[in-house]
Amino acid sequence: LGTALRNTKIEWKPIPIALGIAFLGGVQFYHVQRRERERVKELQEELEDQEMDGLGRPRDRRRIRPSEPWQVQVMTTLPLKAFSRLWGWFNSLDIPYYLRVPGFKLYSYLFNVKLDEVAEPDLHTYPNLAAFFYRELKQGARPSDPDPNAILSPADGKIVQYGLIEGGEVEQVKGVTYSLDALLGTKTPSTSGTTTPQPSRSDSLGSRTNDGQTEEDNVRADEEFAQVNGIHYTLKDVLSGSANKDKKLDVETPDQSTTPVASSEAEVRADLALAEASTSWWAPTTEKTATALHYCVIYLAPGDYHRFHSPVAWVVERRRHFAGELFSVHPYLVKTLPGLFTLNERVVLLGRWRWGFFSYTPVGATNVGSIKINFDKELRTNSLITDTAADAAAEESWQRGEQFSGFVEATYEGASKVLGGHALKRGEEMGGFQLG
Amino acid sequence: STIVMVFEAPKGARPSFDEGYKGGERKGGYKWSIEKGQTVKVGQALGHV
């Protein structure tokens, strides 16, 4: 062999073009065939997975597949609401007087609380951790942005996600999405004969990116901003005061609100009037600016100031209480448990501001399960009674063969006869989260 | 605890073709002034119309 290799003369000749092309074509054909075979095999496996078994269940349901990390699976089996209530009870126990200052200082050190911002410098005055957790801040510690066109941060915290809503779905984290209907609830049927102003936009959530629809809706909102005793008022009427003068708003309306008329109503009206002067909102329809739905998710860490404030001047028309679970809302769990915000207990406040629809949803967590809304004294969150009532309502709906909406709704239409809801001015304290 | 806000705000006006409109872009609408993961305080501007 060695002699043959050494002595054989090697002569190089060009390969004919046709032969080269045929060779390359053959190689490519082989690759395509192999790829197609693999694709068909994958499709066959997929189809087999989707086939139903004898009981009409998809065959792949019988396979054991870990759907979530084990930490999440363990968490879903725990009585989190009971833990949360126990945690709340424990933290409402009074701390011995001489242990308060070192205890709160240790807490502040661990969770990065700035004690120089706290309204009450004498830490002895906080009887327990729950009171310290729900502390107030010094006057001027959180100045509001002077720009009247700015949307303010409602709380201290970290921005988890923000952006534009398209197709009615909110992106949570890393592509996980949930629908607006799941978060805020679907539209409730209007009750004839009542004075409740129905939020005309809640039924069209998710289709706000269409210019034509939006402008049409804007016109409708303009025309039907307030409805009292069956009379429709435009916002222009309301702001100019002509509604009161010409349309007999002094007709006695049954007060169904949970609190008296807000003291800030006049200021909200003034803010809305400022918007009228500074924007083209009231310009002819052709010049109107199209609107879209935006969203923002803010996470409050344990050491943060846990009261929340109104981000804009707006009118809260209704609230929906979803008595769900109380999973932790730590960014890790938000990432690993899809639709977490649609599972947890939350209070959805629905209303409108100068550009249309506005909603504000505080979502509870295991350690901070109680949501307080200052102007809603009837609201009880993380309560055994409320949960039992919600369970009973769900059972009742099931018995009737209906789907349970998942929330209990209250309206604030009596709070302000003119604005048709509870008026909140920019930066006004709305409520907060309390321990347990 | 977490707060989720969903609201309607202007998309902004579409520039005219004379202004160089190429499709999609808008001017003068709502703009965020925050970043993902940023720490915010009460009263700080999240965005502007």
Side-chain angles (χ1 to χ4, degrees), chain A residues 137 142-145 147 149-163 165 170 180 183-184 201 205 208-209 211 214 279 289-300 305-306 308-309 311-312 329 334 341 346 353 355-365 368 427 433, chain B:
Chain A
L137 295 184
R142 296 284 183 274
S144 295
D145 191 283
D147 184 356
N149 292 319
I151 291 184
L152 307 179
S153 173
D156 285 4
K158 188 190 264 190
I159 303 295
V160 178
Q161 190 66 272
Y162 66 93
I165 294 176
V170 181
L180 273 184
L183 176 72
L184 307 178
R201 285 155 192 251
L205 296 179
R208 314 302 311 157
T209 52
D211 290 4
T214 305
T279 68
T289 310
T291 58
L293 274 182
H294 302 259
Y295 75 98
C296 182
V297 183
I298 301 171
Y299 168 71
L300 284 73
Y305 167 63
H306 264 73
F308 47 73
H309 297 243
V312 291
V329 290
V334 171
F341 299 139
R346 60 197 180 278
W353 71 313
W355 297 107
F357 173 77
F358 199 94
S359 78
Y360 186 96
T361 309
V363 183
V368 195
F433 295 100
Chain B
S1 35
T2 306
I3 293 169
V4 183
M5 290 193 293
V6 178
F7 54 91
E8 201 173 355
K11 273 167 98 175
R14 196 185 76 178
S16 67
F17 288 102
D18 294 339
E19 289 171 316
Y21 178 71
K22 289 173 187 169
E25 73 271 18
R26 288 180 173 273
K27 61 174 186 179
Y30 178 73
K31 283 195 175 53
W32 294 100
S33 53
I34 47 173
E35 294 291 328
K36 198 171 151 185
Q38 184 186 332
T39 303
V40 289
K41 299 281 182 192
V42 175
Q44 185 180 332
L46 297 176
H48 300 261
V49 177

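- Here A:Phe308 and A:Phe433 bring their ring centres to under 6.0 angstrom of each other.
- A donor-acceptor pair under 3.5 Å links the side-chain atoms of B:Ser33 to the main chain of B:Leu46, judged by distance alone.
- Proximity to chain B involves both the backbone and the side chain of A:Phe358, based on heavy atoms less than 4.5 angstrom apart.
- Checking side-chain atoms of A:Tyr305 against main-chain N and O of A:Leu137 turns up no donor-acceptor pair under 3.5 Å.
- The backbone N or O of A:Ala292 lies less than 3.5 Å from no partner atom in the side chain of A:Trp355, so there is not a single donor-acceptor pair.
- Pairs passing the side chain to side chain donor-acceptor pair (under 3.5 Å) check and including a residue from residues 40-49 of chain B, sequence neighbours excluded, read A:Asp147-B:His48.
- Chosen from A:Leu152, A:Ile159, A:Asp145, the residue pairing most often with chain B at heavy-atom distances under 4.5 Å is A:Ile159.
- Interface remark: of the candidates A:Ser359, A:Ser144, A:Gly163, A:Ser359 forms the most heavy-atom pairs closer than 4.5 Å to chain B.
- Proximity to chain B (any heavy atom under 4.5 Å) is shown, for A:Pro154, by both the backbone and the side chain.
- For a residue to count as touching a neighbouring chain, one of its non-hydrogen atoms must lie under 4.5 Å from one of that chain's; by this rule A:His294 touches chain B with backbone and side chain alike.
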